[in-house]
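Throughout, protein chains are lettered first and strands after them, A, B, ... in sequence-line order, and every chain is numbered starting at 1.
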Amino acid sequence: MMKLKFNTTKWFSCIAFTLVVTANVSCKKFLEVEPKDRLVAEQTYRNVFDADAAVIGVYGKFMNLAEQYVILNELRGDLMSVTENSNPFLRQINDHQVSADNPYADPKLFYEVILNCNDVLANFDIMLKDNKFTQDQYNQRYSDVACIRSWVYLQLGIHFGNIPYITSPLENLADVKDVTKFPKVNFDQLLDLLIPFVEGLPYKNTYASNSSLITTVDGYATAKFFINKQCLIGDLNLWKGNYTKAATAYKSVMTSFDDTGDANARYDTYKIKFADVAGNNDLSVGYIRFREQDTQGLINSTTQGWKSIFARPRDVLWNTEWIWALPFSKNFQPVNPFVDLFSIQGGKYLVKPSQLSIDNWNAPVKYNGIVGDARKIFSINENNGRQVVMKYLYNYLDDRTFLPRVLFEKEGNWFLYRAATLHLRFAEAANRDNRHKLADALISTGINNNYDPTPGVTGRNVTNIMQTFDVAPYDFDARNGDFPSFRATWHRNTGVRNRAYLPRLAVVGDSTISIENNTITEAGLELAFEGNRWGDLMRIARRRGEPAFLADKVYQKLLREGNPNATAVRTKLMDPNNWYLPFKFD
Amino acid sequence: MKIYKQLRTILSVAFVSIAIYGCTDKWDEHVAITDEIVNDNLSEQISKNTSVSEFNKLLVKTGYDKVIASSKTYTVFAPNNTAIAALDPAIVNDTARLKYFVGNHIAISAFRTDMASDSLTVKMLTGKNLIFLQSAIDEVNISTPNKFAANGIYHIIDGLLSPKLSIWEYLKANNTTYEQAAFITALDTINIYPNGQENTGNPTVDNEFTRETFNIRNEDGKYTLFLMQNAAFNTEVTKLLPYLIRPSADTTKLISTEYTLRDMVFAGELKVANLPDTLVSKFGVKVPINRGNIVQTIKSSNGLIHIVSNMNVELIHRLVTTKIEGENPRQFIPGNKRGNTYYRQKLDNNGIEFRDLMVQNHATAQFLVTYTTPILYSTRYKVLWRAINDIQTNTFQQKLLVGTLSIPPTGGLYTGSIMSFPYTNVNVADYKDVELTGTFNLTTAGGVPLALVGANNNLTTGTNTLSLDYIKLVPIIK
């Protein structure tokens with residue numbers, strides 16, 4: 001027995017030794033083949049085109065957040081609700097009873113983008129040091145990626161409250177959990193970190209038109225793929241309460257096409273332009289001319305009017321409205337998550353418009369006396385007796401038959417920022433900065449109309465009317481007259497509600513509070529399901545120290561759908577600590 | 001060493017065997033049916049139970065014993081021997097009737113008494129629905145509940161579940177006693193309306209009564225029918241005769257009868273104790289209910305039949321106002337003004353939504369919008385309209401023609417002009433009903449064409465506008 005045992009050990013030792021030696025020797029020879037479908041570290045960050053690839057890579061990863069972004073911002077708010085198909089995790093979000101294992105409340109995808117950004121930013125620094133691209137190329141790309149990271153942090157702050165703020169490159173996602181390395185910051189501290197960082201970035205415009213990133217990819221012009229840094233600066237300052245700074249940033253976006261030399265670009269881009277009543281080639285709610293009294297005269301089209309904002313290709317009019325939108329295409333990853341989320345045809349129909357959102361749209365009366373906000377039937381529609389969110393589906397479905405154009409070609413967009421968002425945010429900032437009239441004008445019927453003591457009179461000298469006579473950023477000139485001739489920059493501005501063919505919302509009582517309420521009401525009608533709602537409600541509730549502002553709206557949503565948890569959810573949301581999701585990272 | 005090795009082999013084999021044997025045993029125990037009787041199917045079980053032996057004989061005689069021995073799941077409500085003894089021998093001796101009777105005690109799928117804590121509707125093999133509530137089926141007590149068998153459940157009950165007639169079957173069976181029943185059942189084959197369509201062969205559609213009111217053949221609905229004794233029936237029909245005059249006296253009678261009877265049936269099971277003093281029929285007629293007039297109430301399989309000695313529906317209630325909606329026109333003359341024609345949906349001065357039709361700036365003298373009516377009574381009518389003038393600041397005029405020449409006949413008897421009401425002002429922001437000056441008279445009952453006529457000028461925008469929310473045609477009692 002002893003002898004046998006000795007022999008075995010010896011044999012094993014021999015074999016093991018041989019294996020190790022072979023492995024060591026052969027590894028070099030056989031296993032170290034350069035992969036053909038991946039880049040190794042030495043092949044990246046060599047020149048400006050590699051840097052461009054890194055930026056595009058960040059956006060590719062960023063697009064994975066689309067579904068969570070819409071679910072967290074809308075289903076937690078008051079305009080979106082669950083369907084009979086919704087899984088228990090979506091119901092948790094809807095009922096504000098989120099367990100730590102809920103995949104929709106998992107911050108991991110957010111941190112993947114952040115770590116990706118950190119890595120890219122560190123490498124850009126190395127490239128600059130090694131003179132692999134110019135300072136100007138560096139500035140543009142570095143600022144872009146830095147803003148994406150800050151945008152993701154803002155979202156994390158809104159939804160999770162206390163989060164680790166990490167800016168150095170990590171090799172491993174699991175390091176995020178290391179509390180000793182990365183202590184958590186709360187939302188206020190986060191804003192204090194983000195605002196100076198973003199404001200201190202070397203480049204705050206959109207990419208220069210001669211940049212190698214402004215091109216066409218798979219048939220899509222890339223200019224509106226990238227985050228608008230001034231919008232982000234505005235949003236961060238609006239959250240913080242720096243209203244003048246916020247308004248300044250927003251105003252710079254509104255006027256960003258003023259000096260291109262193209263008059264129409266100046267008058268139309270991001271200006272919420274008045275309707276083309278004769279041809280209906282606009283983005284307004286409108287009727288066939290002289291048939292304004294006929295319910296069937298409404299322009300309900302994917303190529304004309306308000307509905308076309310979400311359906312038209314990226315043409316001239318599209319560019320006057322959209323500031324930031326990322327396309328989902330059949331040709332590249334990731335797959336459009338919104339078809340599964342919203343569609344009955346070809347999708348899973350997991351969420352739907354809430355009854356409250358429908359009631360909100362049913363209430364207003366249009367200029368022609370016909371009841372109901374037309375944006376309802378452009379935003380949602382009824383298919384087989386079920387209410388479907390349509391905004392995201394026009395590139396996939398036929399808007400009348402609801403049939404997919406091509407079943408497996410799930411084309412669509414992730415809608416992130418547009419002129420209406422910009423004007424409503426500017427109005428919110430201006431209102432808090434004691435520019436009530438200006439805020440009201442932008443929401444309701446436009447600068448020209450509101451700063452004209454006798455609107456509608458023709459043949460006048462308008463030199464001294466139709467303008468705000470205020471300091472920047474509240475200086476708006478909307479003069480439109482022929483004696484002498486004026487076509488001022490803002491003369492086509494019509495106001496968000498006017499564009500939707502709705503009269504102004506009354507200002508009742510304290511104008512600051514009333515106009516702020518109107519802004520949020522209007523945002524619900526105009527921007528529903530575009531991923532702004534929870535943030536909008538929470539920002540106002542935070543600013544006023546009035547949790548009921550948020551809690552009551554969510555309560556109304558649940559109440560009108562007969563949700564038995566309505567009262568419990570209201571009670572819960574009355575404590576601001578319960579506004580945040582559990583932060584669990586594993 | 002060798003012995004040890006052998007011993008080890010033997011032991012291993014032994015352990016494995018025990019283990020496998022033990023396993024099998026346990027598994028058998030787990031799935032074994034402890035109550036041996038459940039191995040038997042319903043047929044076998046019922047045949048072994050002496051307290052239902054008489055019912056079992058009927059099962060065998062009708063062949064239902066084979067049915068409940070099959071692999072489907074059934075529930076059998078088996079009457080005990082005492083109950084079967086009371087069964088009419090006439091049924092026992094008629095194979096078809098007996099089979100129908102027995103089939104009314106069997107239902108597909110298993111129903112336990114604990115499932116019926118709230119009332120449960122059980123569809124029997126006859127197609128009749130019986131109410132299963134706690135320990136009673138169709139109000140017959142279940143004495144021995146929940147006897148399980150391999151393919152279902154049986155309950156022993158204290159009485160018989162004789163299949164009840166549906167309302168339709170009751171009328172069919174009693175159509176010699178009640179003229180009302182005779183009329184309703186005869187409608188399967190005769191047509192009563194002018195230009196009425198050909199019979200299709202589908203009695204539900206062909207029968208004007210079931211088509212216009214409720215399908216009283218349907219076993220899955222619940223209805224209440226007031227069945228008048230012949231004297232009351234004739235009184236009610238005679239009252240209507242002068243108001244539904246047709247060229248043929250027979251048709252007059254038929255339509256009057258249909259108009260009388262269609263107000264006598266209601267949705268739902270309205271028990272005598274729950275009857276209010278007035279019911280409103282599907283046609284808007286107020287039907288007074290006097291419980292003292294109810295002679296008898298028949299429980300049918302799909303509702304109740306109240307036999308009444310008197311109904312006495314007032315003519316003023318019977319002759320209902322006809323309302324023609326402005327937004328449902330038949331025709332426009334000329335027909336090329338779609339761009340000037342507005343289908344509107346707005347709020348009135350009280351915030352109540354209305355839908356109407358407006359035609360504006362059409363540049364046509366005497367623009368016509370035509371409408372048709374259902375059958376109107378042969379009597380004099382007054383006319384009201386609601387025409388809304390809310391987007392102009394000036395009053396305009398329009399008028400109504402009844403039975404105009406310019407429109408093709410609409411299936412009624414009227415092609416010529418009956419009445420041309422005078423041009424009437426449509427005042428700004430007037431949301432009230434406006435009565436037109438004058439009345440029109442119909443000598444025979446029938447559909448009548450109507451036309452709304454715009455002002456006789458084609459030049460001035462805003463003065464030849466037409467607007468109509470609705471027209472009310474109010475019959476006047478002769």
Side-chain angles (χ1 to χ4, degrees), chain A residues 1-5 275-281 285-301 304-306 355 358-378 380-382 400 456-457 497 500-506 508 525, chain B residues 1-2 4-5 325-329 332 335-364 367 369 386-394 396 398 426 428-431 452 454 460-469:
Chain A
M1 285 297 270
M2 278 304 283
K3 197 180 177 190
L4 183 71
K5 194 181 175 191
D276 170 16
V277 288
N280 301 112
N281 291 314
V285 173
Y287 283 77
I288 299 170
R289 195 170 202 184
F290 305 125
R291 273 178 61 191
E292 290 82 1
Q293 284 290 311
D294 188 359
T295 47
Q296 293 160 25
L298 181 70
I299 301 296
N300 183 355
S301 158
Q304 291 181 313
W306 196 86
Q355 187 57 46
I358 296 169
D359 294 346
N360 289 347
W361 274 314
N362 283 343
V365 178
K366 290 188 277 290
Y367 280 122
N368 56 4
I370 294 176
V371 183
D373 187 335
R375 289 173 294 186
K376 174 181 143 183
I377 58 166
F378 302 150
I380 66 176
N381 216 329
E382 195 176 302
R400 313 263 157 179
V457 180
R497 267 182 90 79
Y501 208 53
L502 291 177
R504 99 170 43 242
L505 282 169
V508 188
L525 301 170
Chain B
M1 189 78 157
K2 203 174 178 186
Y4 171 70
K5 218 172 180 181
E325 294 289 348
E327 66 274 21
N328 295 327
F332 298 95
N336 60 350
K337 299 293 178 186
R338 181 64 186 89
N340 306 96
T341 308
Y342 316 139
Y343 291 86
R344 312 193 307 166
Q345 189 177 347
K346 305 179 75 166
L347 299 183
D348 68 10
N349 55 334
N350 294 319
I352 296 165
E353 192 170 299
F354 64 87
R355 288 163 189 241
D356 75 346
L357 181 85
M358 180 178 267
V359 189
Q360 198 189 29
N361 303 339
H362 44 76
T364 308
F367 188 87
V369 186
R386 190 194 199 208
I388 294 162
N389 176 3
D390 59 344
I391 57 167
Q392 295 183 191
T393 49
N394 62 304
F396 57 86
Q398 59 188 17
V426 178
V428 175
D430 183 1
Y431 292 90
L452 189 68
T460 325
T461 291
T463 59
N464 53 13
T465 306
L466 291 91
S467 171
L468 186 63
D469 184 2

Could you go through residues 350-357 of chain B and list every donor-acceptor pair under 3.5 Å that involves a side-chain atom there, pairing it with any protein atom two or more places apart or in another chain?
unit_1, atom_1, unit_2, atom_2, d
B:E353, OE2, B:Q345, NE2, 2.9
B:D356, OD1, B:R344, NE, 2.9
B:D356, OD2, B:R344, NH2, 3.0

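A:Q296 contributes atom CD, which lies 10.0 Å from atom OG1 of B:T341 (distance to the nearest 0.5 angstrom).
Only the side chain of A:V365 comes within contact range of chain B, with heavy atoms under 4.5 Å apart. Contact annotation for B:I391: only side-chain heavy atoms (C-beta onward) come within less than 4.5 Å of a heavy atom of chain A.
Qualifying side chain to side chain contact (heavy atoms under 4.5 Å, CB included) partners for B:D430, counting only residues two or more places apart in sequence or in other chains: B:N427, B:K432, B:V434.
Residues B:Y342 and A:F290 approach most closely at OH-O, 2.9 Å, considering heavy atoms.
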